[in-house]
Amino acid sequence: MNNCKNEVKKRKFKFNEDYFWGYVFIAVALAVFAMFTLYPVISAFIISFQEFKPLGSQWIGLENYAGLLKDKLFGKSIVNTVTYTVFSVPVSLFISFIIAVMIYPLKKSLQTFFKAIYYLPAVASGVALSVVWLWIFDPMPQGILNTIIGWFGISNQNWLGSSNTAMLSLLLMSWLSSHGTSIIIYLAALLGIPDSFFESADLDGATFIKKLRYIIIPLLKPTTLFLLVTGIIGSFQVFMNAYMMTGGGPNNATTMVGLLIFNNAFKYSKFGIAAAQSLVLAAIIAVISIFQFKVLGDDVEY
C-alpha cells in the first residue's frame, strides 16, 4: 500500500517536472490572453452595471440591461445585423465554394495563382477597400455601378444615401469581396479528399453533379460548418463596412450592433450601455453558434 502511494507521488512529481517547460512556453500567450482578452471582458461585465461618470462611475444594477428592452434603436440594430448576416454569409459561402470547385481541377501552379489573386484583398486595408467601394457606389452618373446599370436603361441610384438601397449596397460589397480565406480553406479541404473516391466514381460512370452531391458536399461538411460558424460570428460583429460606407444611415437603415456599441462608447461616452450591449451581442453569438453545432454538427466527424 505504501509503495503504491509513493509511486503516485513520484508520478505527480514527474508530471510537474516533465511539463514545467511547457507551462513556461505558454506563459507569454496566457499573459497576453489575460491582459487583452480576459481582463477587458471582466471589465466590460463590471462596467455594464454602472453609469459612467468622469469622476467616478455609479453602480446602477440592471438598469442598463433593462434600458435595452426599451431601446428601439438597439432593436433595429439587431434586426439590421440579422438581416445582413442572413443574406451575406450563405451567399458568400456559396460563391467561395463554387470558385474553389472551379479551381480544384487546375494545375498546382494555376491553383496557387488564383489563390493569391483571391486572397490579395484580404491583405489590403479595410479602409482602402471601402474607399474603392465608395467610388463604385458613387451616386453621380460617372459612378461605376450607375454606369453599368445605365447600359440597361436604369436611372442613377443613390446607393448609399437611400434607405431602399443602402443595405443592399453593403450586401453587394460582401458578396463580391473578401472570399479569399474561405476559398483557400475550401480548396485545402478538396485537396484532402482521396483520389480513390473520384476514381471509383469514374468507374461507375458518375457525372460531375453526382460527384458533387455524393462525394464533395458530404466530405466538405465539417469545413462548411466551420466557415458558417466563423462567418456568422464575423458578420454579427461587422463594423468597418457600416462605419466607412454609410455611418449607419440613412435613417439608421444600416446601423449594426457593432457600430451602435462604438457610437455609444466613444461618441456619446455611454460606456455602461455600450458594455451591456456588447455582452448581449456576445450572448446572442454564443447561442447561435451552439445551435449551429447542435443542428448541423451531429453527423460531422472532426
Side-chain angles (χ1 to χ4, degrees), residues 40-53 57-93 126 130 137 158-175 228-295:
V41 169
I42 295 175
S43 297
F45 180 75
I46 296 173
I47 293 172
S48 68
F49 297 101
Q50 298 176 340
E51 180 183 359
F52 173 78
K53 293 182 179 180
S57 299
Q58 180 181 355
W59 191 270
I60 58 174
L62 296 174
E63 288 187 20
N64 287 329
Y65 291 95
L68 297 183
L69 299 176
K70 305 175 184 177
D71 190 348
K72 293 182 179 180
L73 182 56
F74 180 68
K76 187 172 185 178
S77 69
I78 292 289
V79 173
N80 290 340
T81 305
V82 171
T83 302
Y84 178 84
T85 301
V86 168
F87 288 100
S88 171
V89 176
V91 176
S92 297
L93 278 184
S130 297
F137 290 127
N158 187 7
W159 296 101
L160 300 174
S162 172
S163 300
N164 297 324
T165 56
M167 180 62 74
L168 177 61
S169 301
L170 295 185
L171 288 172
L172 188 63
M173 181 180 175
S174 70
W175 292 338
L228 181 63
V229 172
T230 55
I232 288 178
I233 291 173
S235 182
F236 262 86
Q237 300 179 77
V238 66
F239 167 76
M240 179 66 71
N241 294 356
Y243 180 75
M244 290 296 301
M245 303 295 292
T246 64
N251 298 322
N252 294 310
T254 57
T255 298
M256 310 294 183
V257 181
L259 179 59
L260 182 62
I261 292 172
F262 173 84
N263 287 337
N264 282 328
F266 301 106
K267 192 174 181 180
Y268 306 117
S269 297
K270 298 179 180 179
F271 292 101
I273 294 175
Q277 291 173 339
S278 64
L279 291 174
V280 170
L281 176 62
I284 293 173
I285 292 174
V287 170
I288 293 176
S289 300
I290 293 172
F291 176 78
Q292 290 177 93
F293 279 111
K294 289 291 184 182
V295 174

Inset, instruction - State whether the side chain of D71 and the backbone N or O of L73 hold a donor-acceptor pair below 3.5 Å, judged by distance alone. - result: yes

Inset, instruction - Indicate yes or no for a side-chain donor-acceptor contact from W175 to the backbone of L170 under 3.5 Å, with no hydrogens or angles considered. - result: no

Inset, instruction - Could you tell me the separation between the CZ atom of F137 and the OG atom of S130, rounded to the nearest 0.5 Å? - result: 10.5 Å

N/O donor to acceptor pairs below 3.5 angstrom from side-chain atoms of residues 259-281, sequence neighbours left out:
from: N263; atom 1: ND2; to: L259; atom 2: O; distance (Å): 3.4
from: N264; atom 1: ND2; to: L260; atom 2: O; distance (Å): 3.3
from: N264; atom 1: ND2; to: Q277; atom 2: OE1; distance (Å): 2.9
from: S278; atom 1: OG; to: A274; atom 2: O; distance (Å): 3.4
from: S278; atom 1: OG; to: A275; atom 2: O; distance (Å): 2.6

Legend entry - Approximate separation, where rounding is to 0.5 Å, of L93 CG and T230 OG1: 7.5 Å

Inset, instruction - Not counting sequence neighbours, which residues clear side-chain hydrogen bond (donor to acceptor under 3.5 Å, both in side chains) with T165? List them please. - result: none

Indicate every side-chain donor-acceptor pair of residues 59-70 with a distance under 3.5 Å to a residue at least two apart or in another chain.
from: N64; atom 1: ND2; to: S48; atom 2: O; distance (Å): 2.8
from: N64; atom 1: ND2; to: Q50; atom 2: O; distance (Å): 2.9
from: Y65; atom 1: OH; to: S48; atom 2: OG; distance (Å): 2.8

Legend entry - Spacing of CG belonging to N80 relative to CE belonging to M256, to within rounding of 0.5 Å: 6.0 Å

Inset, instruction - Compare every heavy atom of S169 with every heavy atom of L160, then report the nearest pair and how far apart it is. - result: CD2-CB, 3.6 Å

Inset, instruction - With rounding to the nearest 0.5 Å, note down the distance linking CZ in F239 to CE in M244. - result: 9.5 Å

Legend entry - By side-chain hydrogen bond (donor to acceptor under 3.5 Å, both in side chains) - contacts of T246 (at least two apart): T254

Inset, instruction - Find out whether V238 and N241 are in side-chain contact, i.e. whether some heavy atom of one side chain is under 4.5 Å from a heavy atom of the other. - result: yes

Legend entry - Gap separating the CD1 atom of I233 from the OG atom of S289, nearest 0.5 angstrom: 4.0 Å

Inset, instruction - With sequence neighbours left out, write down each residue that passes side-chain hydrogen bond (donor to acceptor under 3.5 Å, both in side chains) with T85, or none if nothing qualifies. - result: S235

Inset, instruction - Without swapping roles, check the side chain of S174 against the backbone of L171 for a donor-acceptor pair under 3.5 Å. - result: yes

Legend entry - Spacing of CG belonging to L172 relative to OG belonging to S88, to within rounding of 0.5 Å: 11.0 Å

Legend entry - Smallest separation among heavy atoms of A166 and G249, with atom names: CB-O, 4.2 Å

Legend entry - F87 atom CZ, neighbour heavy-atom count above 12 within 6.0 Å: no

Inset, instruction - Verify, without hydrogens or angle tests, whether N252 (side chain) and T255 (backbone) share a donor-acceptor contact under 3.5 angstrom. - result: no

Inset, instruction - Taking side-chain hydrogen bond (donor to acceptor under 3.5 Å, both in side chains) as the test, write out the residues that go with Y243, two or more places apart. - result: none

